[in-house]
Structure formats: structure tokens, C-alpha cells
Amino acid sequence: MENLLLMGIDTRPMVNSALKLDYKTFSISYFKTVDFKMPYAEKHVLDQESVISCGRFEENYSPNKLLELSKDFLFQNDGENEIDKIVLTTGINSKDFSGKFKKYEKIVRGNRNTEGVENKFKFYKKLKNKFDVPLTFQPSDMYELNEILEQYTNNQFILKPLQGSGGLGIFLLNNESSNKLKQLNEICQNISLENYILQEYVEGINVSTSVLSSHDEEKSLINTKLITEHDLGNNSFEYSGNILPLDKNSFGMFNNNRTNIDHNFDINKLNDEMKNTSEDLMKEFKLIGSNGVDYVMDKEGELKVIEINPRFQGTYELVEKVMDINLLDAHIKACEGELIEIPPIDGYAVKKIIYARKQVKIGNLNIPNVYDIPYQGVKIEKNQPLVTVISSDNNLKTAIDDVKIAEKEVFKNIN
């Protein structure tokens, strides 16, 4: 039996998959939740059982904290490596394995070099002459930023982190010249501009593709409707969930009239374009394993590439539900040169991340369809993720209704 180490912010879904496979499973994560099934051994950064508040993730997390915790699993007194394979999820990548950890990079099953994908300006420069991507700049200072905005007065822009995922830290810039400078000054007082890009804001419908690829072949798994907090009428752009598969029913959900497109348009054509483009992007960046591509379909029906997530996506459990596969197993096999046969899709799956919009104290959240459950009695700070709600059904309306019911129950049990 091989020893498998899973590392990332939240390893719960991957641990569930690993426990169905022939591995001795180790886990290193930022947090452990009530519904976390214990593998052979695990360590985590945030000990919810001994804190009053879970604090703010962005202030407390770093990949180095995960690596330091992994030493007891990786470094053996007899010089032998106890771990045979490492699989990474959100929050850490191969380049974090430096110094004394560098030698373990070779046993990572996943992408080794993701700089050209994760650095969003490098990503833009590589794609701008080959794929349809939003206009993007990397201004060096406020003077250059203002120059660009003055040159492109008919475009609306966002400031977004040069690296990062989940829609965090994105600012939609005001197009009204009288308020623009004031807003920019306020934003730039709280960020380091060198760590941001200026990108054309594309109003439209967010969609994504999950792909499996080996060194020699690429296969799209499924297309999905991606939901952000902005889609739900809020001011932020944080990732909020997905509906899959992408069809006429799911495409029409949470659009808030953001396109002029007749909803009778050819959804099969859109799915084919996403499939083909996503597979081309895997070749372009030589990515392996499970990866995701995010798009926006603009008001004219044009598909624009936004970013690639070179790791497991938020759709992980949804894909497993509707395709009846073990995605961890499929990922490892793909990294080792074998692509599984893509099974048919059966039913719908919906995911919704609930955020705490004020500081809340957790009650009993052992509620059907609720996952990533914090320990009872701890406090979750304002704007931090609270729980994940996941539902699946052959009827999309039923699946969405089940999510809404669970969400109401969650709010009844916090204060």
C-alpha cells in the first residue's frame, strides 16, 4: 500500500475520495471541520476546538505553515521517504517546495510549473494573440494607471490580484470621472499596486470547464455555470458556487439580465467551444491532471478566457456526484499517463458557499446538504466562508430548492 499526502486549505473532499482507494492517507490542511473524516494521520493549522474565533484566513494562512506541519510525515529518521505521492489542492503549489522541501517536489502528482498560469499578466501576454482574452495591463504606479484609464474611457476596468484565486481582492472601478480618482486613491492606500493587474471588466455570464489531461492527451470532463457573489447581487466577486452540467436550464440561473442573448441560443455550440478551447489551453501550458478554465460569455455571446486553475476546482464534489467517478483517482492516473473513460452525466449538482456577513457564533450545523461545518461555539468573522451547501437531483429546481432550505437552516443556527 502506497502512502499518499494531501495538502491544501481544505482537504476534506479529497480525503473522502482517498479513503475509497488503496492508499494510507495523510492530510495537511489549514482547517479541519466537524464533518472531516479522519485519514491515517492528519495535521491542520487552525485548531477550531481551542479557539474562540477562527480569525481571518487571509491574515493567518501561508503555504509555509502547511509545509512546516508536513515535516513529521516527510522527514524520517532513517532517511527513507514515508510518503510516496503528494497531491496538492487550493492554497499551495509545487514552487512552494523550496529549501529542505525541494526534493519532495518530484513526488507531487500534478503540475510542476504553473507560473505562466498563476501570474495573470504573464498568462495574458501568452494568450493575447491566440485566444480571446480581456484587455489587461500591469501599471507600475498611479500615474501609469491613470494614463491607461484616460486612454480607454469607453472601457470599464477591475483591479485584481496578480496572483490568487476565488475572486478575492477584486475592485470594480467607477467609470464616472468625478469619482474615479477618489476611489483609486482609497483603493491604492490599502493595496500594493505592483501585486495587481488592471483588467477590462467583461459584463456577462460566468462559466467554466473541468478538464483531465495527461502529457499526451486532454479530455474535458464537464462544463458548469459558475456563480460569484456579484451574480447574487452583492458588491464582491468572491467565488460562490457552481451548477452543473451547463445546459439551457442551468445557463439561465442567476444571470440578472447580464447579456442580450436570447436564451434559446445554441447551448451545444457553447459547450463545444468551451470543450475545444479548454483542451487547447491544456496543450498550450502543458498542464496535467485535473484543471479548470474560467470564462465569461459577454453580452454579444463571445467567450472570453479569464483564467486557468491548475489544480482541483470548487466543482470537485459536484463532478463526483453527477459522473460517479473518483476524481482523485482520475487525477493521479492522468498525471501518471492514463486518462479514464469519461462517463455520462446523470442529474444536476449545485454548490453554494455561504459567507458570514457579520461576526457569527456557530450553533449546531449538522444539517442535511451542509458541509465544511465549523465546530459548535466558535466565531466566524465577517466576510469569511461559513459553510458549503451541496445538493444533487435529477431536477434542477429541486436541487436549488434543497440548497435554499439548507441555507435557511444554517442562518437559524448561528447568532
Side-chain angles (χ1 to χ4, degrees), residues 9 30 55-67 88 90-99 102 111-131 133-153 155-177 179-202 228-230 235-239 281 284-285 293-294 296 304-311 383-384:
I9 295 168
Y30 177 65
R56 300 191 64 78
F57 166 79
E58 56 270 28
E59 296 171 359
N60 298 327
Y61 175 77
S62 76
N64 288 335
K65 290 184 178 181
L66 299 188
L67 288 166
L88 308 176
T90 302
I92 187 168
N93 58 41
S94 292
K95 74 176 181 181
D96 294 315
F97 285 71
S98 59
K102 181 68 176 176
N111 297 302
R112 302 284 178 84
N113 182 8
T114 58
E115 175 68 11
V117 171
E118 298 194 280
N119 182 306
K120 293 180 175 59
F121 192 60
K122 288 184 178 179
F123 179 72
Y124 166 76
K125 288 196 294 183
K126 183 163 185 176
L127 296 189
K128 66 179 181 178
N129 295 321
K130 302 177 183 179
F131 296 85
V133 291
L135 194 63
T136 304
F137 304 91
Q138 188 176 18
S140 57
D141 52 34
M142 276 286 289
Y143 177 78
E144 185 179 359
L145 176 59
N146 275 315
E147 269 196 337
I148 296 167
L149 295 176
E150 288 299 321
Q151 184 179 354
Y152 294 91
T153 54
N155 299 73
Q156 188 161 18
F157 287 91
I158 55 174
L159 275 171
K160 65 190 292 187
L162 181 65
Q163 298 193 350
S165 59
L168 297 171
I170 294 177
F171 301 93
L172 179 63
L173 301 185
N174 196 321
N175 254 12
E176 296 179 13
S177 58
N179 296 326
K180 188 181 295 182
L181 190 58
K182 179 183 177 183
Q183 183 197 25
L184 282 175
N185 285 328
E186 289 175 353
I187 292 172
C188 292
Q189 284 176 5
N190 297 306
I191 66 169
S192 298
L193 193 57
E194 64 268 20
N195 296 326
Y196 274 71
I197 58 170
L198 181 69
Q199 189 171 82
E200 176 189 7
Y201 172 60
V202 181
T228 71
E229 287 294 292
H230 193 60
N235 291 328
S236 69
F237 290 85
E238 294 159 307
Y239 167 69
L281 285 165
E284 184 76 25
F285 289 96
V293 185
D294 291 346
V296 171
K304 292 184 180 290
V305 179
I306 301 299
E307 61 186 46
I308 291 176
N309 297 303
R311 63 185 69 81
N383 293 330
Q384 295 293 294

Side chains of I306 and P134 in contact at under 4.5 Å (non-hydrogen atoms): yes
CG on D96 to CG on N64, rounded to 0.5 Å: 7.0 Å
Side-chain donor/acceptor of Y61 to backbone N/O of G91, under 3.5 Å: yes
Closest non-hydrogen atom pair between E307 and K120, with its separation: OE1-CE, 3.1 Å
Nearest heavy-atom neighbours spanning G169 and P161: O-CD, 3.5 Å
Geometric cation-pi criterion, K126 with F285: 6.0 Å, 45°: yes
From CG (L145) to CG (L159), nearest 0.5 Å: 6.0 Å
Minimum side-chain heavy-atom gap E229-F237 below 4.5 Å: no
Distance in Å, I308 CD1 paired with L127 CG, rounded so as to fall on 0.5 Å steps: 6.5 Å
From CZ (R311) to CG (L88), nearest 0.5 Å: 9.0 Å
From CG (N155) to CD1 (I148), nearest 0.5 Å: 11.5 Å
Which atom of C188 lies closest to which atom of L193, heavy atoms considered: SG-CD1, 4.3 Å
Heavy-atom closest pair, residues E115 and K122: OE2-NZ, 3.4 Å
Rounded distance (nearest 0.5 Å) linking atom CG of D141 with atom CD of E194: 10.5 Å
For E118 against T114, the heavy-atom pair lying closest together: OE1-OG1, 2.5 Å
Heavy-atom side-chain proximity of L184 to L173 below 4.5 angstrom: yes
Stepwise side chain to side chain contact (heavy atoms under 4.5 Å, CB included) check, N309 with T90: CA-CA 9 Å; N309 297 303; T90 302; over 6 Å; no
pair M142-N185: side-chain heavy atoms closer than 4.5 Å: yes
Shortest non-hydrogen separation from K128 to V133 and the atoms involved: CA-CG2, 3.8 Å
Close side-chain approach of F123 to V305, heavy-atom, < 4.5 Å: yes
Beyond-backbone contact of I191 with F171, side-chain heavy atoms, under 4.5 angstrom: yes
Verdict with reasoning, E144 to Q138, per side chain to side chain contact (heavy atoms under 4.5 Å, CB included): CA-CA 9 Å; E144 185 179 359; Q138 188 176 18; over 6 Å; no
